[in-house]
Every structure is written in C-alpha cells, then in structure tokens.
Amino acid sequence: MASSNIVVVFDFDKTIIDCDSDNWVVDELGFTDLFNQLFPTMPFNNLMDRMMMELHCNGKTIEDIVEVLKRVPIQPRMIPAIKAANALGCDLRIVSDANTFFIETILKNFGIRECFSEINTNPGYVDEEGRLRVLPYHHLNQPPHRCNLCPTNMCKGLIINRIQDSFSCEENKRFIYLGDGSGDYCPSLNLKEKDFVMPRKNFPVWDLICKDRSLVKAQIYEWGDWEEQEKILHQLINKISMEESALFFSAHEPLPKALPVML
Ligand SMILES: Cc1ncc(C[n+]2csc(CCOP(=O)(O)O)c2C)c(N)n1
Ligand SMILES: [Mg+2]
C-alpha cells in the first residue's frame with residue numbers, strides 16, 4: 001500500500017455518520033423521554049451508561065442495539081471516500097466522545113473498520129449480564145485533565161497532542177482534522193501551521209473557530225455537506241502530496257525541466 005505523511009483525524013458523530021449515535025440508539029429504542037428527564041441530572045458520559053442499564057432492565061438486548069446501529073444514517077459516499085483516503089496511504093484515526101462499542105459496530109457493518117489505525121473514544125463493553133457499559137475515556141482515578149474547554153470524561157486536545165508526540169520531527173506528519181462539535185475546538189487549537197482543520201459549517205466547532213480565527217494556527221477549510229467534505233478532503237490530500245513531492249525534488253536534485261508548470 002502507498003504510504004504518505006498525512007494523518008487524517010475524524011470526529012465520528014455528525015462528521016462520519018449523519019447523527020449523534022447516542023441519541024440515535026436511545027430514540028430508536030423508544031427511551032427519549034427518560035433520556036430527557038435524566039439529562040439535566042448527570043454528566044453526559046454517566047447518562048449513557050445509565051441509559052444502557054435502563055435498556056437492559058427493560059428487556060432490550062445487545063442484539064437490539066446492534067440492529068439499531070446497523071440502520072444509522074450515513075451519506076453513502078462517505079464509505080468509498082474513507083476507503084480512497086486509506087488507499088492513498090493516509091493514516092486515518094478517530095477521536096470521538098461516543099464509545100468503542102457503537103463506533104466499532106457501525107464501522108464493521110460498513111466494512112471500513114480496517115481503514116482506521118486507531119479509535120480514541122470512551123470504552124464500551126458488554127458485561128457478564130449482557131448489559132452495555134460505557135466508561136469515561138479519562139479514568140476517574142487519574143488526575144483531572146484540567147482543560148476548561150472539554151468535558152471531564154474526554155479532552156480531545158490531549159489526544160491530538162499524544163498523536164503529535166508519537167511522531168518524530170523528521171517524519172514531518174501533516175494533520176487534517178475534521179469535526180463538528182464543541183469538543184472538536186480544543187484539538188483544532190493544537191494543530192500547527194502546516195496542518196488543516198475542516199470544521200462543519202454552522203456547527204458548534206465552526207462557531208467557536210469563527211469567533212477568533214487568529215487563535216487557530218492550522219489552515220481552515222469549512223465544509224457544508226458530505227459532498228463538499230469529500231471534495232475538500234481529496235483536494236487537501238492532493239495539495240499536501242504535491243507540496244511534499246516538490247520539497248523532495250528540490251532537496252534532492254535540480255527540478256526536472258519537463259515539470260515547470262506543476263512545480
Ligand atoms: C442533548 C445532548 N447534550 C449533550 C450531548 C453530548 N454530546 C453531544 S455530541 C456528542 C457525541 C460526540 O461524539 P463525537 O465526538 O463523535 O462527535 C455528545 C456526547 C448530547 N448527545 N445530547
Ligand atoms: Mg461530532
């Protein structure tokens with residue numbers, strides 16, 4: 001497979017799929033009223049764990065949840081677009097405030113689980129009683145992350161920093177980050193000048209970025225719908241690849257005379 005120096009980091013809900021997976025499961029299984037009643041009383045991450053308990057106690061099985069997840073709305077072009085980015089050698093990752101069970105079930109159902117090298121999200125697992133448990137990404141026995149932009153269970157900015165630090169400077173990785181929610185703002189601030197952020201237009205991360213664009217070092221390319229997301233992502237991958245090959249030529253030999261227009 002081709003390899004490149006491009007790392008594409010996707011948020012999941014409303015960036016890869018066309019809904020919030022948590023709300024989709026709760027609504028489709030008929031538990032919206034209870035969700036709305038409990039919503040003001042506890043942090044969201046705990047609420048999802050509680051809702052999974054409520055489903056279990058009311059006779060909803062893991063198979064029922066899986067069946068609902070298989071029907072999750074997604075723009076059909078998203079699947080070939082992800083496969084294409086992977087085939088071009090991009091390192092694709094997910095950073096999401098959903099959970100591993102929902103995300104892995106959905107990606108496997110669409111046949112794209114293997115396109116991603118890493119999924120960073122809240123752990124979700126089925127316990128011995130057949131109940132789905134959802135835990136915080138940052139364990140409660142660890143010191144709090146101290147970021148005041150992010151919910152206590154997950155700071156996506158810390159995750160981006162960890163991914164950035166996993167590469168050496170010589171690898172010169174270029175990041176493209178796609179997201180929609182307020183939780184995607186913190187990681188956007190941590191990107192560098194050579195990187196790109198693709199906020200979903202008219203969604204919370206876009207509103208936050210637009211308040212003061214100068215706080216974001218990365219180049220900003222907004223997207224309004226999935227067709228546009230696919231087009232811009234493809235253009236950015238091409239743009240970075242061209243820049244890198246131009247750099248490669250200029251570092252190794254004089255530019256070949258036959259290529260003056262491209263380079
Ligand atoms: C009414 C209401 N208030 C708050 C929330 C919390 N919340 C908003 S988007 C999201 C998913 C993030 O996943 P991703 O990071 O993949 O976009 C979560 C956990 C909600 N779902 N509903
Ligand atoms: Mg999202």
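One is the number of the first residue; the rest follow in order along the sequence. All values below come from the heavy atoms of this structure, side chains included, with hydrogens, waters and symmetry mates left out. In each ligand, atom 1 is the first atom listed, and ligand 1 is the first ligand listed.
- The OD2 atom of Asp11, the Mg ion (ligand 2) and the O atom of Asp13 define an angle of 80° (nearest 10 degrees).
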Let me see the working for Lys156 and Val9 under side chain to side chain contact (heavy atoms under 4.5 Å, CB included), right down to the final yes or no. CA-CA 11 Å; Lys156 292 190 181 189; Val9 181; over 6 Å; no
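- Here is the list of ligand 1 atoms found below 4.0 Å of a heavy atom in Ser96: 13 (O), 14 (P), 15 (O), 16 (O).
- The two residues Pro199 and Tyr221 have their closest heavy-atom pair at CD-O, 3.5 Å.
- Contact between Met154 and ligand 1 is absent, with no heavy atom of the residue lying under 4.0 Å from the ligand.
- The shortest separation from a heavy atom of Ala98 to ligand 1 is under 4.0 Å, placing the residue in contact.
- The Mg ion (ligand 2) does not have Asp20 among its coordinating residues (no N/O/S atom, backbone or side chain, under 2.8 Å).
- No more than 12 heavy atoms of other residues, nucleotides or ligands sit less than 6.0 Å from atom CZ of Arg146.
- Taking all atoms of both residues into account, the shortest heavy-atom contact from Asp49 to Leu132 is OD1-O, 4.1 Å.
- For the pair Arg93 and Phe167, the tightest heavy-atom approach, listed with the atom from each and the gap, is NH2-CZ, 3.5 Å.
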Verify side chain to side chain contact (heavy atoms under 4.5 Å, CB included) between Gln75 and Glu230, making sure each step is shown before the conclusion. CA-CA 11 Å; Gln75 208 276 331; Glu230 180 183 7; 5.6 Å; no
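- Restricting Asp180 to its N, O or S atoms, the one at the least distance from the Mg ion (ligand 2) is OD1.
- In terms of protein heavy atoms, atom 13 (O) of ligand 1 is closest to Asp13 OD2, 3.0 Å.
- Among all protein heavy atoms, the one lying closest to atom 20 (C) of ligand 1 is Phe44 CE1, 3.0 Å.
- The protein heavy atom nearest to atom 10 (C) of ligand 1 is Asp20 OD1, 4.0 Å.
- Between Asn45 and Leu135, the shortest heavy-atom distance links the atoms OD1-C, 3.5 Å.
- Contact between Lys14 and Arg200 at its shortest, heavy atoms only, is O-NH1, 2.8 Å.
- Annotation: Phe39 places no N or O atom under 3.5 Å from an N or O atom of ligand 1; distance criterion only.
- Listed by atom number, the atoms of ligand 1 under 4.0 Å from Phe12 heavy atoms are 16 (O).
- Note on Lys231 versus Glu227: no salt bridge recorded, every NZ/NE/NH1/NH2 to OD/OE distance being 4.0 Å or above.
- Contacts with ligand 1 closer than 4.0 Å are made by side-chain heavy atoms of Lys156 only, the backbone lying farther away.
- At a 3.5 angstrom cut-off on N or O pairs, Asp22 does not count as close to ligand 1.
- For atom 14 (P) of ligand 1, the closest non-hydrogen atom on the protein side is Asp11 OD1, 2.8 Å.
- By the neighbour-count criterion of 12 heavy atoms within 6.0 Å, atom CD of Glu118 is densely surrounded, having more than that number from other residues, nucleotides or ligands.
- Considering both main-chain and side-chain atoms, Asn23 comes within under 3.5 Å of ligand 1 through a nitrogen or oxygen pair.
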